[in-house]
Number of protein chains: 2
Amino acid sequence: MKLTTKGRYAVTAMLDLALHGESGPVSLAEISVRQEISLSYLEQLFSKLRRNGLVISTRGPGGGYSVARELHQVAVSEIICAVNESVDATQCGGKENCHSHGRCLTHDLWEGLSAQIEEFLSSVSLQDMIDRQRVQNASLRQDKVMVQRPYA
Amino acid sequence: MKLTTKGRYAVTAMLDLALHGESGPVSLAEISVRQEISLSYLEQLFSKLRRNGLVISTRGPGGGYSVARELHQVAVSEIICAVNESVDATQCGGKENCHSHGRCLTHDLWEGLSAQIEEFLSSVSLQDMIDRQRVQNASLRQDKVMVQRPYA
DNA sequence: CACATAACCCAGCAATTTAGTCAAGTATTA
DNA sequence: TAATACTTGACTAAATTGCTGGGTTATGTG
C-alpha cells in the first residue's frame with residue numbers, strides 16, 4: 001500500500017467523475033480542465049483504472065468514462081492500488097529473504113500496520129467521501145466557473 | 001501524509017531501536033546489519049529523526065541512538081513525517097490556487113481522507129505496534145480491529 | 001460518406017525521489 | 001593519543017513522476 005501523489009491524482013479524478021458523471025460519460029478533457037491534471041497523465045491513470053474494472057470507457061463523440069459500479073461499491077483503496085500496481089512483494093515475501101530474526105519481527109510489525117491502513121481505505125467508498133463532504137458543507141455552491149486552464 | 005518505502009525504512013529502524021535499546025544506545029551499524037538497510041541511508045534517516053526530536057544521539061565508543069521519549073509517546077505518523085519533511089503544502093494550500101470550484105471540492109475531499117489516515121497513524125505508537133505483535137504471537141487471532149471506521 | 005470527437009497507445013523527456021557510495025570531518029571515551 | 005562512532009556533504013545510479021507530442025482506432029453526427 002503506497003500513498004503518494006499519484007494515488008491522490010487518481011482519487012481526485014474518480015471523485016470528479018463521480019460528481020459529474022450522472023448525465024453520461026465524462027471526457028478526460030473535462031477532468032483535465034477542472035482538476036488541472038494533464039490530459040496524457042489522466043490517460044495513463046485511466047488506462048489502469050479501466051484495466052482494473054473501476055471505470056468503463058465510451059469511445060466516439062460524446063464519449064468518455066463512467067464509474068463502473070455504484071459509488072458506494074468503489075473503495076478508495078482499489079483506486080490507489082490500481083494506479084500503483086507495483087504489487088511490491090515487499091522484499092522478504094515470507095520466504096527465504098528473512099535472514100535474521102530481527103528482520104522478520106520488524107517486518108511483520110510494519111506489515112500489520114500497513115494492513116490496518118489498507119483496511120481503513122477499503123472501508124471508505126467514493127460515495128462515503130461525497131456524503132461526508134455534503135454533511136460538512138451544508139451549503140455548497142455547485143456553480144460551474146469553467147475557467148480556461150492551460151491544459152485546454 | 002506520504003506513505004512510501006522511505007517511511008517504512010524509518011519505522012522499521014525505529015522499531016529495531018525500540019526492541020534493542022533497553023541496554024543503552026544502539027549503533028546504526030547494528031541496525032544496518034539486522035534490518036539490511038545501508039548504513040549511509042540510515043544516517044540520512046536518523047539525521048532527520050534526530051532533528052525532529054525523535055531520537056537522541058550518543059557519540060563516542062559505545063554510542064549510538066536512543067529513542068528520545070517513552071515508546072508509547074512516539075507516534076508512527078511522527079516518524080513518517082520526519083523523514084518526508086516535504087510538508088508538501090498540497091499545491092492549493094487553501095489560498096489563491098483554487099481557481100475552479102471543482103478543484104476545491106475534490107481537493108477538500110482528499111484532504112479530509114488524508115487527515116483521517118494521519119489521525120489513525122497518530123494514534124499508533126511504537127509501543128502499540130510491539131504490544132500488538134506480542135498479542136498476535138500468543139496465537140490470538142485479531143478479533144479487535146484497531147481501525148475506527150469514521151464513515152460507517 | 002466525411003468529419004469531428006474522444007478513447008487508446010506509445011516513445012521519450014525533465015524533474016524529483018530513492019537508495020546508496022565515498023570521503024572528510026568532529027566528538028567522545030578508553 | 002588512538003579508536004570508536006556520529007556528522008556532514010558531494011555525488012551517483014536507478015526508479016518514479018508528471019508531462020509533451022505524436023499517432024491509431026472507434027463512433028457518433030451532419
Side-chain angles (χ1 to χ4, degrees), chain A residues 2-13 17 20-21 24-33 35-52 54-68 80 83-91 149-152, chain B residues 2-13 17 21 24-33 35-52 54-66 68 80-91:
Chain A
K2 210 168 57 173
L3 203 60
T4 62
T5 52
K6 193 172 189 175
R8 191 182 67 198
Y9 276 124
V11 173
T12 299
L17 207 59
H20 297 89
V26 180
S27 72
L28 294 188
E30 291 178 55
I31 302 177
S32 173
V33 171
Q35 305 303 329
E36 298 176 13
I37 307 171
S38 82
L39 181 58
S40 295
Y41 198 41
L42 281 175
E43 285 173 351
Q44 288 178 35
L45 297 178
F46 274 80
S47 174
K48 292 176 180 178
L49 292 174
R50 188 179 62 87
R51 279 194 286 266
N52 284 79
L54 294 175
V55 296
I56 293 173
S57 65
T58 310
R59 303 178 75 148
Y65 286 94
S66 310
V67 181
I80 294 173
V83 296
N84 286 345
E85 74 171 353
S86 55
V87 197
D88 207 12
T90 353
Q91 281 98 326
R149 301 316 307 163
Y151 297 124
Chain B
K2 208 167 60 173
L3 203 61
T4 63
T5 52
K6 193 172 190 174
R8 191 181 66 197
Y9 277 125
V11 173
T12 298
L17 207 59
V26 180
S27 73
L28 295 187
E30 289 178 55
I31 302 177
S32 174
V33 171
Q35 306 303 330
E36 297 176 14
I37 307 171
S38 83
L39 180 59
S40 296
Y41 197 41
L42 281 175
E43 285 170 352
Q44 290 179 34
L45 297 178
F46 274 80
S47 174
K48 293 177 179 176
L49 292 173
R50 191 181 61 85
R51 279 195 288 267
N52 284 79
L54 295 175
V55 295
I56 293 173
S57 65
T58 310
R59 307 178 73 146
Y65 286 95
S66 310
I80 295 173
C81 289
V83 295
N84 286 345
E85 71 171 351
S86 55
V87 198
D88 206 12
T90 355
Q91 281 99 324

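So you know, we letter chains A, B, ... as the sequences are listed, proteins then strands, and number each from 1.
For D:dG18, the OP1/OP2 oxygens have a side-chain nitrogen or oxygen of A:T5 closer than 4.0 Å. Side-chain nitrogen and oxygen atoms of A:T4 include at least one within less than 4.0 Å of the OP1 or OP2 phosphate oxygen of D:dT17. The shortest distance between the side-chain N/O atoms of B:S27 and the OP1/OP2 oxygens of D:dT4 is not below 4.0 Å. Note on A:S57: a side-chain N or O is less than 4.0 Å away from OP1 or OP2 of C:dC8.
Put simply, CD1 on A:I37 is 10 Å from P on D:dG18, counting in whole angstrom units. Protein atom CG of A:L17 is 14 Å distant from nucleotide atom C1' of C:dA7, rounded to whole Å. In this structure, the CG atom of A:L49 is 14 Å from the C1' atom of C:dC8, given to the nearest Å. When the C1' atom of C:dT18 is taken as reference, atom CG of B:N84 falls 12 Å away, rounded to whole Å. Per the geometry, OH belonging to A:Y9 stands 13 Å off P belonging to C:dT16, to the nearest Å. Atom pair A:F46:CZ and C:dA6:P shows a separation of 15 Å (rounding to whole Å applied). Separating the NZ atom of B:K48 from the P atom of D:dT8 is a distance of 13 Å, rounded to the nearest angstrom. Protein atom CG of B:L39 is 15 Å distant from nucleotide atom P of C:dA23, rounded to whole Å.
Heavy atoms of B:S40 sit under 4.0 angstrom from at least one base atom. Note on A:Y65: only backbone sugar-phosphate atoms sit closer than 4.0 angstrom, heavy atoms only; bases stay farther off.
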Requested in this report: Any chance you could lay out the side chain to side chain contact (heavy atoms under 4.5 Å, CB included) test for B:K6 and B:L45, step after step, and finish with the verdict?
Outcome: CA-CA 9 Å; B:K6 193 172 190 174; B:L45 297 178; 4.0 Å; yes
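The residue among A:E43 and B:L28 whose nearest nucleotide of DNA chain D is located toward the 5' end is B:L28. In terms of position on DNA chain C, the residue among A:Q44 and A:G60 whose nearest nucleotide sits closer to the 5' end is A:G60.
Distance from the side chain of B:R59 is smallest for D:dC6 among the nucleotides C:dA7, D:dG18, D:dC6. For B:Y41, the side-chain atoms get nearest to C:dA19 when compared with the rest of C:dA19, C:dC9, D:dT20. Proximity note for B:K2 (side chain, C-beta onward) versus C:dT21, C:dT18, D:dT8: the nearest is C:dT18. Side-chain proximity of B:P61 to the nucleotides D:dT4, C:dT21, C:dT5 is greatest for D:dT4.
For B:T12 and B:R8, the side-chain atoms include no donor-acceptor pair closer than 3.5 Å.
Side-chain atoms of A:S32 do not come within 3.5 Å of backbone N or O of A:S38 as any donor-acceptor pair.
To the nearest 0.5 angstrom, B:L42 atom CG is 10.5 Å from B:L17 atom CG. Here OH of A:Y65 is found 9.0 Å from CD1 of A:I31. Values are rounded to the nearest 0.5 Å.
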